[in-house]
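This report concerns only the one structure given below.
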Amino acid sequence: MDIIHNIEEGEPSAADLVLDLLITHPEPHMTVQTLARAGEIMRLSTPSVRVALTRLLGQDRIVKTGRGCYAVQLQGNSVHYEVQHWFEKESRMGQWAGGWLLVHDGDVPRSDKTAWRHHLRALDLNGFRTLAAGLSVRPDNLDGGAEAMRAALARLGLAAGSLVFGGSGFDADAAARMRALWDVQALSAAYRGALKLIEDSNARLPRLAPEAAARETLLVGRTVIRGIVRDPLLPEAIQPGAPRRALIEATRSYQARARELWREVLAG
């Protein structure tokens, strides 16, 4: 979860900005004028925002809700849903009895590059790691077990022909190999770094002009939330959850502050 980097490297494209605002802000829709104003704040031209709207409409990623008004299209776009509901991510977690969820995709053709990319993204967003060629694994600590995971992966683009199943009773060496697939030290460092990113930004915001403050909250927020969305939700026996919970709570508060800042600058 590489979320500690120069914020400027996370500069959104016009399409990114449109999606970020439509997904993370509570308004049911936004006007093209509002989105163009947001583009100015993020140093994006109005023509680039208009082009992005046209392309996103053509890709069924947003919908037109009225004359010059747009909303995000959640139906059929599971990744949008994952991002919009990042703060609920931990609600999927249950107790871990030591079992594992596995995905076998060794017989799945790789010729359709786009489909394969979506397949890999589905595995990544659900915390799977490669155990062997054609075999990915994660702890079976999420509600619903294999059946719920099969449905979640399918919504995100799991390739047809993949097998999703639960397993247990692995020998000590195999279990140790599986536990070692996640770099828990790097995850802990990422939690600390993301929390510091938020704390440092919270300290800076009062000294910034409103537009600069709004811009910073979007850059920081999208960086941190991207990491939270990709968190593997490991059980306590592998990765202590307190740092993740602290980060989610801090991000929830930060996002509320960001929404208020954006509401003010877009109304001005």
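These numbers come from a predicted model, not from an experiment.
Summarising the geometry, atom CD belonging to Gln95 is positioned 10.0 Å from atom CG belonging to Asp143; distances are rounded to the nearest 0.5 Å. Here Arg138 contributes atom CZ and Leu131 contributes atom CG; the two are 14.0 Å apart, rounded to the nearest 0.5 Å. Interatomic distance, CD of Glu211 versus CD1 of Ile41, reported as 4.5 Å (0.5 Å rounding). With rounding to the nearest 0.5 Å, the separation of CZ in Arg245 from CG in Leu247 is 12.0 Å.
Between Trp96 and Trp100, the two ring planes are perpendicular [angle over 60°; tilted spans 30° to 60°].
A salt bridge links Asp20 with Arg222: at least one charged nitrogen is closer than 4.0 Å to a carboxylate oxygen. The existence of a salt bridge linking Glu249 and Arg252 is confirmed by a sub-4.0 Å separation between a basic side-chain nitrogen and an acidic carboxylate oxygen. One finds a salt bridge joining Glu40 and Arg37 here, because a Lys/Arg side-chain nitrogen approaches an Asp/Glu carboxylate oxygen to under 4.0 Å. Salt bridge present: Arg244 and Asp231 bring a charged side-chain N and a carboxylate O closer than 4.0 Å.
Shortest non-hydrogen contact noted between Gln239 and Ser188 is NE2-OG, 3.0 Å.
Contact check for Leu163 versus Leu102: no side-chain heavy atoms found under the 4.5 Å cut-off. Contact check for Arg257 versus Glu260: no side-chain heavy atoms found under the 4.5 Å cut-off. Looking at heavy atoms from C-beta onward, Leu123 lies in side-chain contact with Asp105 at the 4.5 angstrom threshold. Put simply, the side chain of Ile228 reaches to within 4.5 Å of the side chain of Thr251, judged on heavy atoms. Side-chain contact check for Leu17 versus Leu218: some heavy-atom pair is nearer than 4.5 Å. The shortest side-chain heavy-atom distance between Leu101 and Asn141 does not fall under the 4.5 Å cut-off. Using a 4.5 Å heavy-atom threshold, the side chains of Pro139 and Leu234 count as touching.
Although no hydrogens or angles enter the test, the distance criterion places a donor-acceptor pair under 3.5 Å between the side chain of Thr223 and the main chain of Leu219.
For Arg92 and Asn126, the side-chain atoms include at least one donor-acceptor pair closer than 3.5 Å. A side-chain donor from one of Tyr254 and Ser201 sits under 3.5 Å from a side-chain acceptor of the other.
The environment of Arg67 atom CZ is sparse: at most 12 non-hydrogen atoms of other residues, nucleotides or ligands sit within 6.0 angstrom.
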